[in-house]
Amino acid sequence: MLRRLQRVPIHQKLMLIALLTTGGALLLAGSAIIYFNVVRFKEEMKRDLASFADVFAGSSTAALTFQDPKTATEILRSVSPRTSIVAIALYDNKGHLFAHWGRDAGVTFPPAPGPDGSRFTQSALVAFRPVLLQEERLGTIYLRSNLKELHDRVWTQALTVGFVFLASGIVALLLSSWLQRLISGPILALAGTARAVSERRDYSIRADRRSTDELGILVDAFNDMLNQIQRRDSELQEAKEALEERVRERTRELEQRNEELNQSNKELDDFAYIASHDLKEPLRGIHNFSSFLIEDYSAKLDDEGRSKLDTLMRLTRRMETLIDSLLQFSRLGRVDLAVDRVNLNEIVDEILDSLAISLKEDRVQARVPRPLPIVRADRVRVGEIFYNLIVNAMKYNDKADKWIEIGWRENPAGPPVFYVRDNGIGIPEKHHEAVFRIFKRLHGRDKYGGGTGAGLTIVRKIIERHHGRIWLESSAGEGTTFYFTLEEGDVRA
Amino acid sequence: MALLRRAGLPALLLALLLAVPGMASAQTAEEYEVKAAFLYNFAKFVDWPPESFPDPNSLKICVLGDDPFGGSLQTVAGEQVGGHKLQVVRMDSTSRLAGCQILFISRSEREHIKEIVTAVKGSPVLTVGDTQKFADDGVIINFILEGSKVRFEINTGSAERAGIRISSKLLQLAKRIVTAPGVRPGF
């Protein structure tokens, strides 16, 4: 019951409380009034019937004295106008029925008088009273009254109470529906304000304070809370805006820095390209004139001279390859990638085919454990990546049984990770970063097949242009694994 | 039934007149026991003026003429009524009637009824007769028989003249109420 009441709106609750309280109190009071009235009325009726009986007792004395039942009956009959009396009887002093009168034919009389007094039976009020003459008891008078009067009285009172109950209910309803606004009004207004605040996220709304009681205090507290929230909200807003401003500022700075960096990179690339391109021209002249010298003047030179010329030739050739590498590297920064779907298996197969003789000579076993995926990339550049890594793996290996493994693994957090693994000489940890520096060689110029030292630098550049990453794991003397990723996202498109 | 009663009443009267003395006396004894009780009971429903009691302690029932009670009146003597003790006195003449509160006039005095009534006129004496038409002659209460039942008639005019107040309850029981005091017109 109370639980169901929880869902009732507050103004109905208040009215219900008023009605129930009024109704309960009225019902109790009404019942008490009826009860006490009935009790009092019953006593009155008993007294009344007793004194009525006494009147008849008095008028019956002569009839009893002179043994005149006929007259006695006539006397008793005179009760008839009093409609509540249904039976009246006179008993002589021996207890014999002396005279009687009944309103209806079927009325019965007690065969002998009962004890003096009046009392209620189930359906009647009866009175036995002594008939006295000069303190001598002549007999007993008996009166029986029906309870119609009592029932009428109870009914009338019940009706009255019922009417009062109804009228009070209506008045209570009207009053409570008017007065409940004192309480429900501010609460509903407060609830409405709270809803508006939470729906619109507008903390500038204020509840209207109408009273100075606890509800007024509640409204004040609510408004105070709104004040605080509004203040914090605006502080937060300001902080957010300041932060955004700072982020924008930083972004602008970064963009500017990046722009500058790109610019300088480009300038560097341009410089490297122009420098190397322009350097090639005089180098070719030096080379050509050196070969002219060897061809035309070798007979005029002694051995030492010829040897120095040979060295000059060798140095110019080396210089040329260095410049070629530099050109290749600088071109990577200038040229756009031709991104397309690339089947890596084809790429790797081609490379292994072209290296087949070298692999055989060096007794290197190359293996691809499972097919490689299809990625979006620049076909030629990706080929360069694999070529350089495979060649490196072949070169830096002094084992009797050499092997290279080319594979990949899926990476749930990003693009697949490719790797090229060997069982070669390995790279000490302190050089893991240095191997990617241009023209950086860890070994003697002609050791492990020579080279310019630009390969890994170019590989890293290609990978970075594909927005990928390269790193390595190695332990000296046991082998090296180069890992790399290509463009982020779904590479198997 | 009505026819029978109409035919029966004169026959009954005739039978009473011709009744054998023995049979009559048996009935009479019972009748006068009742009448004695009535005399005593009348006192309870009658108020005399206070000055009518020379001896406030006693209430005198005087029997004038032949005593028909045969001793049954003696049984009520000594009873208390309204603070007075009943006394029964027999007398032959009307000379000393002044002290009586109740005067029973026997049938034997039927010839002198007029003189007796005249003698007690103005005195607070309850005259009680035992003879037909006595009430009309000015006797206050007169016994009559209704069948075998003793009843009485009351002359309220005489009672008023005597200064005696008779309770309405007693009047209620009277078979007949006579309002004219004294003798019947034309008597």
Side-chain angles (χ1 to χ4, degrees), chain A residues 49-82 85 87-102 113 116 127-143, chain B residues 30-48 56-57 59 72 75-76 78-86 101-102 126 128 130 140-154 156 159 164-177:
Chain A
L49 194 69
S51 48
F52 197 59
D54 286 346
V55 170
F56 278 87
S59 10
S60 307
T61 47
L64 260 179
T65 306
F66 296 100
Q67 294 293 307
D68 189 345
K70 215 166 127 194
T71 309
T73 306
E74 267 158 34
I75 291 168
L76 296 185
R77 193 192 302 279
S78 69
V79 83
S80 66
R82 184 143 165 172
I85 306 293
I88 184 165
L90 201 58
Y91 297 85
D92 64 18
N93 56 3
K94 292 191 187 73
H96 297 136
L97 191 60
F98 179 72
H100 62 270
W101 175 84
D116 288 347
F128 288 102
R129 298 292 292 174
V131 179
L132 295 172
L133 182 65
Q134 292 178 358
E135 289 162 27
E136 185 195 348
R137 180 161 193 156
L138 303 177
T140 306
I141 186 104
Y142 166 76
L143 266 174
Chain B
E30 199 181 315
E31 178 191 325
Y32 278 93
E33 268 174 41
V34 173
K35 284 178 178 172
F38 271 34
L39 276 182
Y40 154 58
N41 281 326
F42 286 150
K44 298 175 184 170
F45 295 94
V46 171
D47 283 333
W48 286 268
N57 289 328
L59 195 152
S72 56
T75 57
V76 300
E79 292 282 343
Q80 288 278 342
V81 176
H84 311 290
K85 203 175 187 178
L86 284 188
Q101 276 75 41
I102 298 173
L126 177 70
V128 178
D130 191 23
I140 296 172
I141 298 178
N142 189 35
F143 285 123
I144 52 168
L145 280 175
E146 191 182 57
S148 62
K149 278 194 163 178
V150 178
R151 286 286 169 253
F152 50 85
E153 38 193 30
I154 296 176
T156 51
I164 290 169
R165 210 180 63 79
I166 297 175
S167 164
S168 62
K169 297 167 191 169
L170 195 59
L171 293 173
Q172 220 171 358
L173 298 180
K175 200 66 204 151
R176 193 166 70 99
I177 302 278

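In what follows, chains are A, B, ... by sequence order, proteins preceding strands, each numbered from 1.
- Using a 4.5 Å cut-off between heavy atoms, B:Phe42 touches chain A through backbone and side chain atoms alike.
- The ring pair (Phe, Tyr, Trp, His ring centres under 6.0 Å) check on A:Tyr142 picks up A:Phe128, with sequence neighbours excluded.
- Taking the side chain as every heavy atom from C-beta outward, A:Leu133 and B:Phe45 approach each other to under 4.5 Å.
- Between B:Leu170 and A:Ala62, the closest heavy-atom pair is N-CB, 4.0 Å.
- When heavy atoms are compared at a cutoff of 4.5 Å, B:Val81 approaches chain A by way of both its backbone and its side chain.
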Considering distance alone, list the donor-acceptor pairs between chain A and chain B shorter than 3.5 Å.
residue, atom, partner, partner atom, Å
A:Gly58, O, B:Lys169, NZ, 3.1
A:Gln67, O, B:Arg151, NH2, 3.3
A:Asp68, OD1, B:Arg151, NH2, 3.4
A:Glu136, OE1, B:Lys44, NZ, 3.2

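- Every residue meeting the ring pair (Phe, Tyr, Trp, His ring centres under 6.0 Å) condition with A:Phe56, not counting sequence neighbours, appears here in chain and number order: A:Phe52.
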